[in-house]
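Keep in mind that the numbers below use all heavy atoms, side chains included, and drop hydrogens, waters and symmetry copies. Numbering of residues begins at 1 and proceeds along the displayed sequence.
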Amino acid sequence: MLDYLAALPGDTWNDRWLLLDAATSARGRRRAGHEDWQTVVQPGCAKPLRDTLTAGLTVMVVLDILRPSFAWQQGRQLGLFHTIGEYRDLDNAATIGARIDQLLGSTTLSKRVRHTLGKILAHTGKTIRQVTAQDLLTMDAALTPLRLHSSHRRSIEHLWRVLMDLGWITHESVAWPVQRGREPQLSAEELIDRYELRSPHRELFLEYLKQRRPNLDYSTWRSHAQILIKNFWLDVTSRHPDLPTLALTREIADEWKQGIRIRQNGELRVNHLNQLFIVRAFYLDLAQWALEDSYWAPWACASPISRHEVAGYAKLRRKQVARTQQRTRQIAPVLPQLLAQARKDRHASAELLAAAAAAGHGGTISVAGDTWTVRRARPSGPVRIDCANHKSRNLSYEEDAAFWSWALIETFRLTGIRCEELLELTHVSIVPYRIPSTEEEIPLLHIAPSKTDEERLLVAGPELVHVLSEVIHRVRGGHQDIPLTPRWDPHDHEWSPALPHLFAKYWGPELRPISPDTVWTLIRRCAERANIIIDGQQVHFTTHDFRRVFATDALASGLPPHIVQVLLGHKSIATTQGYAAIYPQDVIRHHRTWIGQRRLTRPSEEYRRPTPAEWEEFEGHFVKRKVSLGSCGRAYGTNCHHEHACLRCALLRPDPAQADRLREIITNLHARITEAEQNNWLGEVEGLKVSLTGAHEKLEQMEHQTTADGPVLLGLPTIHHH
């Protein structure tokens, strides 16, 4: 090693080492195909020499001759902690090792934390007691660009917790600063600089985004920026770079519209109308603002998107509502199967975990006819089972996942709340309420503002109270109070204050709020185990499916729509009606109920028995409807509007038996028309021709009725008996 480093430029051994470090770092070797450092030092290096080079490097790191970077150490298990700890700080190495085992409990997790501490000592050249909070933050910042698995970052967090518990590091944040690694809300300047937009269009879009920011939430505002700048303007200027203004010719506009409407694989984009709306609103805003502020006047021009091009959104929306309502009708009957599977998984996993815990480490249990061996390193550690014929199973993880699947499905089903609202529930969301009239105290569930920024309260029934009490017991984890945890909002890119969140699960020793991805994964896996089939395909449930079923059941059970609107937190009752998928039998039942209620509100004299004179008049109407060519179809109480000229009347129902009589009338009409034309009775000719046309129409109806007699084919398949 020293012979190789001596040939490199540098004042110290570490200066020379940094050249080799940069050339053979873990990232470069993995992504660019660089050779490993042993091969660089000794070409054609065989395994025995590799081990010798590794041992020599370890000695120089322990003696603080070399300080490898965090990127170079990543992926290389040099086992530096024990050696550095024993050489530099033996007493503190034993102390922190015991505390790691005590707090973490997991052998695998403890090993990762020791490796992490060893890497910090190797890079900084410090002893264990000299490590600071900034050293851990520096390591995290160095590993973040490598996009490593989250377990690497969590080991730094666990080390932070151990050192804080020992009082060996200080920082303004006692807990690991989880804000690191998350992108905060960007300003308009930061957002627009992502797209490398050139002047003068940069200033235009920058000012436009600033004007729109107060009226939009962060997620929508950022989406508008991407559509306007990246999907629209940069896409147009990539093909036509010399456009001086926003005014587009018809050819350029049509080219862009075709690009956003059709994907490269030929499929139609579902959301292309949304992009058209945003771009059209951009042009209309500039035109309107130009009337009030001269700054926008140079940019105001005709919109390349006309009104009729976005008129199809209402039709598209109706199709989407129809599809979701049809899905709700299919999902609602099979929802009990999903719930039954969640309950079954919860009870089965709990019983299996209890049996394995009772058997203890090294004991055996029988699962589906196979014998499994229990593995549990510590009384507080996770319970695993091994079998020669099967893959190892983590029963603690399976029981925890089954519990949260059950809790999520039950809460969604009983409340109809959104996913974000559920994840924001805290211990203080359960509010007691005393009814003034009866002095009865009932629990209410307080829903924090989410999509519509409106708070609301839901009555928590016995089933929901049972679920929430189970959740509280799980989250407490043996503590008197629920631990406070901050939650990251992936839409608004903000951290909430540390609150006692209900839906938070333990990741190792640390409690964290459940993420939306975890919710989706747990429900999807439960649905896969339930294996619910509709139309030959397995059903995958979403969180909004429970919300739609909740609205449908509430309306079908007779709850007024405006009450359901409040429960769901909708601003418009039209949105609530779009969520409800009413079944035909429900429509019939409600219609009959409405008719019965309407009858009760009508004047009683309308439902009295008719007098003999009224009944005679009623029967006389139907007697008078009989005419020579058939019968009259006018309703009771109406007069004849054609003055009994039945041939001209559309309400005449011709009788096929009178076809010969009608033919005689037609012959007579021809003769009368001829006579009128000879005598120049032109007014009579016009009237007779109208009657002749009506007579021909009635004759066609008679002939159609005659030929249509007999069975009617409905297109049903023919069944052959063998």
Side-chain angles (χ1 to χ4, degrees), residues 268 270-271 312-344 405-406 408-422 451-452 458 461 463-464 516 519-520 522-595 714-717:
L268 178 67
V270 179
N271 64 340
Y313 181 78
K315 181 179 180 181
L316 179 63
R317 178 60 182 165
R318 287 194 298 269
K319 289 183 178 180
Q320 292 175 345
V321 171
R323 286 197 300 268
T324 55
Q325 289 183 343
Q326 177 61 22
R327 176 176 172 81
T328 304
R329 296 187 188 99
Q330 294 177 337
I331 290 293
V334 299
L335 184 57
Q337 300 181 37
L338 178 68
L339 182 59
Q341 182 66 39
R343 292 171 178 171
K344 176 184 175 182
S405 297
W406 167 79
L408 289 168
I409 292 173
E410 284 281 17
T411 307
F412 280 127
R413 179 182 69 91
L414 296 172
T415 60
I417 61 179
R418 303 178 181 92
C419 180
E420 182 180 1
E421 295 169 342
L422 179 138
K451 186 176 181 180
T452 58
L458 302 179
E463 289 182 275
L464 181 59
V519 173
W520 183 85
L522 291 174
I523 295 178
R524 176 181 60 84
R525 290 177 178 175
C526 184
E528 289 175 352
R529 291 189 296 270
N531 194 28
I532 303 173
I533 305 299
I534 295 180
D535 296 336
Q537 295 183 349
Q538 191 177 61
V539 180
H540 295 287
F541 290 81
T542 66
T543 57
H544 242 61
D545 287 332
F546 300 98
R547 184 171 172 83
R548 296 187 184 99
V549 172
F550 176 86
T552 300
D553 291 343
L555 291 173
S557 61
L559 198 63
H562 64 281
I563 300 297
V564 180
Q565 174 191 355
V566 176
L567 294 179
L568 295 180
H570 290 154
K571 287 187 176 180
S572 171
I573 196 171
T575 307
T576 306
Q577 294 171 341
Y579 271 67
I582 301 298
Y583 297 92
Q585 56 266 32
D586 298 328
V587 176
I588 295 172
R589 184 179 70 251
H590 286 292
H591 191 202
R592 295 185 65 184
T593 303
W594 176 79
I595 292 176
L714 298 179
L716 297 177

Query raised in the report: Got a sec, which residues hit side-chain hydrogen bond (donor to acceptor under 3.5 Å, both in side chains) with T542, two or more places apart in sequence or on another chain?
Result: D545
Report summary line: Applying salt bridge (charged side-chain N to carboxylate O under 4.0 Å, His left out) to R413 and not counting sequence neighbours gives E410, E463
Report summary line: In this structure, CD1 of I523 is separated from CG of L338 (nearest 0.5 Å) by 7.5 Å
Requested in this report: Measure the CZ-OG1 distance between R547 and T552 for me, rounded to the nearest 0.5 Å.
Outcome: 12.0 Å
Report summary line: For F412 and V519, the nearest pair of non-hydrogen atoms, with its separation, is CE1-CG1, 3.9 Å
Requested in this report: Starting at CG of L422, measure out to OG1 of T543 and round the result to the nearest 0.5 Å.
Outcome: 9.0 Å
Requested in this report: Look up atom NZ in K344 and atom CZ in R529, then write down how far apart they are to the nearest 0.5 Å.
Outcome: 10.5 Å
Query raised in the report: Rounded to the nearest 0.5 Å, how far apart are CD1 of I532 and CZ of F541?
Result: 4.0 Å
Report task. List for me each residue that meets salt bridge (charged side-chain N to carboxylate O under 4.0 Å, His left out) alongside R524, sequence neighbours excluded, and say none if there are none. Result -> E528
Requested in this report: Locate the shortest heavy-atom distance separating Q341 from C526; write the atom from each residue and the value.
Outcome: CG-O, 3.8 Å
Report summary line: side chain to side chain contact (heavy atoms under 4.5 Å, CB included) filter on I534, not counting sequence neighbours, yields Q330, V334, V539
**Report entry** Close side-chain approach of F546 and L335, heavy atoms under 4.5 Å
**Finding:** yes
